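First the structure, in the form of structure tokens, and then the observations on it.
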Amino acid sequence: MSIETIIQQATLEAVKSLYGAEVNEKQVQVQNTRKDLEGDITVVVFPFLRLSKKSPELTAEDLGRYITNAVDFVDSFNVIKGFLNLEIGKDYWLDVMTESYNNLEYGVKQASSDSELVMVEYSSPNTNKPLHLGHIRNNLLGYSISEIVKANGKKVVKTNIVNDRGIHICKSMYAWQKWGEGETPESSGLKGDHLVGKYYVEFDKHYKAEITELVEKGMAKEDAENQAPSIIAARELLRKWEAKEESTIELWKTMNSWVYEGFDVTYKTLGVDFDKIYYESETYLVGKDEVLRGLAENIFYQKEDNSVWADLSGDGLDQKILLRSDGTSVYMTQDIGTAKMRFNDYSIDKMVYVVGNEQNYHFQVLAKLLDKLGFSWGKDLYHFSYGMVELPSGKMKSREGTVVDADDLVEGMIKVARDMSAELGKLDNLSEEDAENTFRMIALGALKYFILKVDPRKNMMFNPEESIDFNGNTGPFIQYTYARIKSVLRKAADKNISISDKLVVESVSVKEKDLLKRIALFPAVIKEAGDNFSPAVIANYCYELVKEFNQFYHEHTILGESDENIMNFRLVLATSVGNVIQKGMNLLGIEMPERM
RNA sequence: GCCUUGGUAGCUCAGUUGGAUAGAGCAACUGCCUUCUAAGCAGUAGGUCAUGGGUUCGAAUCCCGUCCAGGGUACCA
């Protein structure tokens, strides 16, 4: 049980015993004591004043005396205004340290066979262009919350729904047919997804030019957009695809396979993975069947032009189209099919969709539709809605060439890590392979931390000019501290200093106690991150812990300490800090280098 | 128009279920490498928490209004 809970219970008892009144747990506010004041844990007594009918000071005195007597861990107390500050004895802190020292999984709950099964959908790329910075945020968030949910004792299935069909891929296919001259990833030296993306851009260029030309000839813009030769050709390809025309399917398969090879490289670089991948080409017909069933059961209705609609006006939403007048599927239809397949494949207790906040409305509607179709899990789906990544120039737009490509970004960061490392004269005695691996860890640590430390719900700003920092509140700062801890432990081992968790110390200093307070908080932090689906909670926690350790590290010697007990204590403390930050950063998908 | 999310230091961001004097990093300026790794540490400066009201012992936090910005809004995904 955490110290906060113990104090909370004790306060409840105290109020009951002293004033004869029951109070709600929520009225007991327990918090960490301000740094500059005496004490460790503070109880706010204002809520009890009307029960005690005394001044805040006297009420706090009453409670302080009671709690000090009742709880072994509490050594003493002081009162400032309406705040009761309790001092926790060293035994409690030593217990926390021993636990976090011995248990590498400290703070983490293990899943059991009857644990809840959570499916997390993330990434969900289109196959017509490479991944960019926005996808990076999606992938990192999806991977990280999967890890965090696991750490909260749930079973997790990571899934990816690949949007491999539709007009967008046909655009790339058409452009490649027309202007590609048989170019392949091998012949061009381009990564597969970049090659296909190149033809998507090529398509758009010609398409735009055709529209301009038609408009100049006096056609209305809307008509021009529908009658430009390129778009007509792309639609023709889509029709052939749906009719399973052999050469079209063949081309589609080939180009998609190029893209998948490219994506796999990017996923591997980012360190994300999936347990199960779905393809919309395999789910959209399932969705269509479900919609037709809904129509037969009068859940949906059909208009004169044969399009199928859902009326959600009774739920405070609008009319929503589910099948076009030509009978083809829309995005929503596919999501219904995908959901059905998933719930057939797994006994999912909770479904989480990691999708940008521009689709908030879509998922509101999806939940309602699934519910109407009789899927019990429909209304419980959780849309993990994250904000966009903005550039100083505004939104990322592929047409305007303002997208930040995922592969380029990572490549650039590795280069900066390498250069900076050389400048600082680090890692000179490592093998080239080990050094390269470390640069990669640092670069990705910087990128991942930069993205995950901000509240996922908010839009975030990324300035490519200034790029991502390696100093201050960053991933590398945390990795650096970790590497130094490892270095101390290596040196201790070299000197044959054995570390024991049988701790014999007279007292715990203020700085040491601050560190132990943080460590004691770790299980609660994991829970909070899990409850709120927020990697940022973990990131900011790790930073605070590391910052405090760095201050400690500069003020105290560890290996040079003359008192053997104190040296042993500090080695255990350093190890505990190392364990906790490694675990925390791993929940963010960030690897920790032994040296840097 | 309607729905929705946000606005905290020059910039990027934290800020626990309403609690004590508003917190970091970057950028600027000052110190500190013969001391376990200076990707570090210590310090200076920088704030009308968009704005006006309300709720109460107490508001960046909760409620209402206003301004500004982002997103969505029926055959794109």
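Quick caveat, the model's predicted, so the values are computed rather than measured. The basis for the numbers below is simple: all heavy atoms, side chains too, and nothing from hydrogens, waters or symmetry mates. Chain letters run A, B, ... following the sequence lines, proteins first, then strands; residues in each count from 1.
- Closest contact between the side chain of A:Y553 and the listed nucleotides B:C36, B:A39, B:G19 involves B:C36.
- Counted by atom type alone, A:S281 and A:D164 present one or more donor-acceptor pairs between their side chains at under 3.5 Å.
- Atom name P, nucleotides B:A77 and B:G65: the rounded distance is 37 Å, in whole Å.
- Comparing atom distances between the A:Q551 side chain and each of B:U21, B:C36, B:C41 picks out B:C41 as nearest.
- Candidate nucleotides B:C75, B:U37, B:C57 were compared by shortest atom distance to the side chain of A:F46, and B:C57 ranks first.
- In this structure, the nucleotide among B:G72, B:A38, B:A42 sitting nearest to the side chain of A:E358 is B:G72.
- A:V354 approaches A:N138 most closely through the heavy-atom pair O-ND2, 3.0 Å.
- Taking 4.5 Å as the limit, some side-chain heavy atom of A:Y449 sits within range of a side-chain heavy atom of A:M585.
- Remark: the A:N473 side chain and the B:C13 base include no donor-acceptor N/O pair separated by less than 3.5 Å.
- Put simply, A:S487 has a side-chain N or O that comes within less than 4.0 Å of OP1 or OP2 on B:U37.
- Of the C1' atoms belonging to B:G23 and B:A60, the separation is 12 Å, rounded to the nearest Å.
- Under the stacking criterion of a centre-to-centre distance below 5.5 angstrom and an interplanar angle below 30°, A:Y543 is not stacked against the six-membered ring of B:A24.
- For the pair A:D315 CG and B:A74 P, the interatomic distance rounds to 18 Å; values are reported in whole Å.
- Closest approach to the A:K458 side chain among B:G6, B:C41, B:A20 is made by B:G6 (side chain taken as heavy atoms from C-beta onward).
- Taking every side-chain heavy atom of A:W309 into account, B:C75 is the closest of B:A20, B:C75, B:U37.
- For the C1' atoms, the distance from B:U5 to B:U21 is 32 Å, rounded to whole Å.
- Aromatic stacking is not marked for A:F477 over B:A39, as the cut-offs of 5.5 Å for the centres and 30° for the planes do not both hold.
- You'll find a donor-acceptor pair under 3.5 Å spanning the side chain of A:K426 and the base of B:U37, going by distance alone.
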Exercise for the section: Report the C-alpha separation of A:F477 and A:Y543 in whole Å, then their side-chain angles, then the decisive distance to 0.1 Å, and conclude whether the ring pair (Phe, Tyr, Trp, His ring centres under 6.0 Å) test is met. Expected result: CA-CA 8 Å; A:F477 171 62; A:Y543 175 66; 5.7 Å; yes
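- Residue-to-nucleotide contacts include a donor-acceptor pair under 3.5 Å from the side chain of A:T42 to the base of B:A20.
- Between A:K453 and the phosphate of B:A24, there is no side-chain N or O to OP1/OP2 separation shorter than 4.0 Å.
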